Amino acid sequence: MHPALTDDQLAHLVALRHNLHETPEVSGQEHGTAERILQELLRAEADEIWTDLGEHGIAASFDGTADGPTVMIRCELDALPIQEVSGLPYRSKTDGKAHLCGHDGHMAMVLGLGLALAKRPARGRVILLFQPAEETGAGAAAVIADPRWAEIQPDYAFAFHNVPGHPFGQIGLRKGPANCASRGMKISFQGRTSHAAAPENGVSPASVMASLMQTLPTLGGAQTPHSDIALATLTHVSLGEPSFGIAPGVGEMRITLRSQSDTRMEQMIADAKDLLAHSLQHDPRLAADLTWHEVFLATTNDADAIDIAADAAGKLGLDSDSMTSPMRWSEDFGRFGIDGAKAALLFLGSGKEHPQLHNPNYDFPDALIPIGVSLFVEIIDQILCQPAPAIAPANG
Ligand SMILES: [Zn+2]
Ligand SMILES: [Zn+2]
């Protein structure tokens, strides 16, 4: 593999990654991270920079001399509200917050591409997007809703997510469904408390909640290794107060719905509403309020974009895998494909034994940085630097 960066540049990216790791900021609060990225993009002499996109997002363009398509490479700014447990010299300095999804490493790879783009593409332009608030599912939608998005709107969009449990450095290439749609369903029940000695005077949500705890998780139907993913996972339940003298008057349930397509999700939403309405018929005195949270659409990879990435991986001699099934977790990157780009989320193996994403001892493997940068550089080369298709001469 021909190195896309010098040893000094790689050392700079690793140091930067460690610094980002030490100073995590969670979704929607990425001020300091965005400022740090801005300084790096100014040093890389980007042709144009957009700040405060969808709150803290930041984008930079590197322009070719001839007209051509816009290729966007996206990474994420945000960390997680989880306490890191590690002995790393660069562990998080902020209690309860840490980069445990590897977004610090994703940023380092995209900045590495920015350094390599000192040599501009022959045509078109490359946009580097540092997107806020991926973990809550709000960031990509907010960036696309920004009025300045019209100046950026790409023809192609690519991103990497590192994946523990996959062989180190292996490129995962999946056409079609790549990540699931998911959304949090919160049901708040309102009845009436009473003395525990006279529960008949109150309205307890207990029996309606008990029945929904049985029925809601069956919404996805039976899951087999070959069926499309459709899951409803009960994540939290609370009922009344931790006491012995009060019969409960309130309760709350949280369920996460997950499916590999947006159409299947629509069906699960309709079925969930039906189950709730049906169960409430048993006690008309009980009220329930249904709200949705952390809404992620499905990420569906464009076949042409995956072919380009596969060619690039092949040219670099990288190990790659055409994955047989999508990831169960969600990614808001899918919004860029729905917005019209030929978009592909690529997976980068973090090692079979590597701690899983969002685990307190997870840390992005620095040795992935040069692999990711090289693949990005090669993808840009395939789309913007190969000779343009010849224009057929006019007749006569
Ligand atoms: Zn994450
Ligand atoms: Zn992530």
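What you see is a predicted model, and the numbers here were worked out from it, not measured in a lab. We count ligands from 1, going down the list as the structure has it; atoms in each ligand are counted the same way.
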Undergrad: F160 pairs by ring pair (Phe, Tyr, Trp, His ring centres under 6.0 Å) with which of F347, F364, F376?
TA: F376

Undergrad: Is it the case that atom CZ in R328 sees more than 12 heavy atoms from other parts of the structure closer than 6.0 Å?
TA: no

Undergrad: Could you please give the number of protein N/O/S atoms within less than 2.8 Å of the Zn ion (ligand 2)?
TA: 3

Undergrad: Tracing side-chain links under 4.5 Å among I, L, V, M, F, W and Y, which residues wind up in one group with Y90?
TA: L88

Undergrad: Does H21 have its ring centroid less than 6.0 Å away from the ring centroid of H103?
TA: no

Undergrad: Would you say the side-chain atoms of D366 and H18 include a donor-acceptor pair closer than 3.5 Å?
TA: yes

Undergrad: What do you reckon, are the aromatic ring centroids of H354 and Y362 less than 6.0 Å apart?
TA: yes

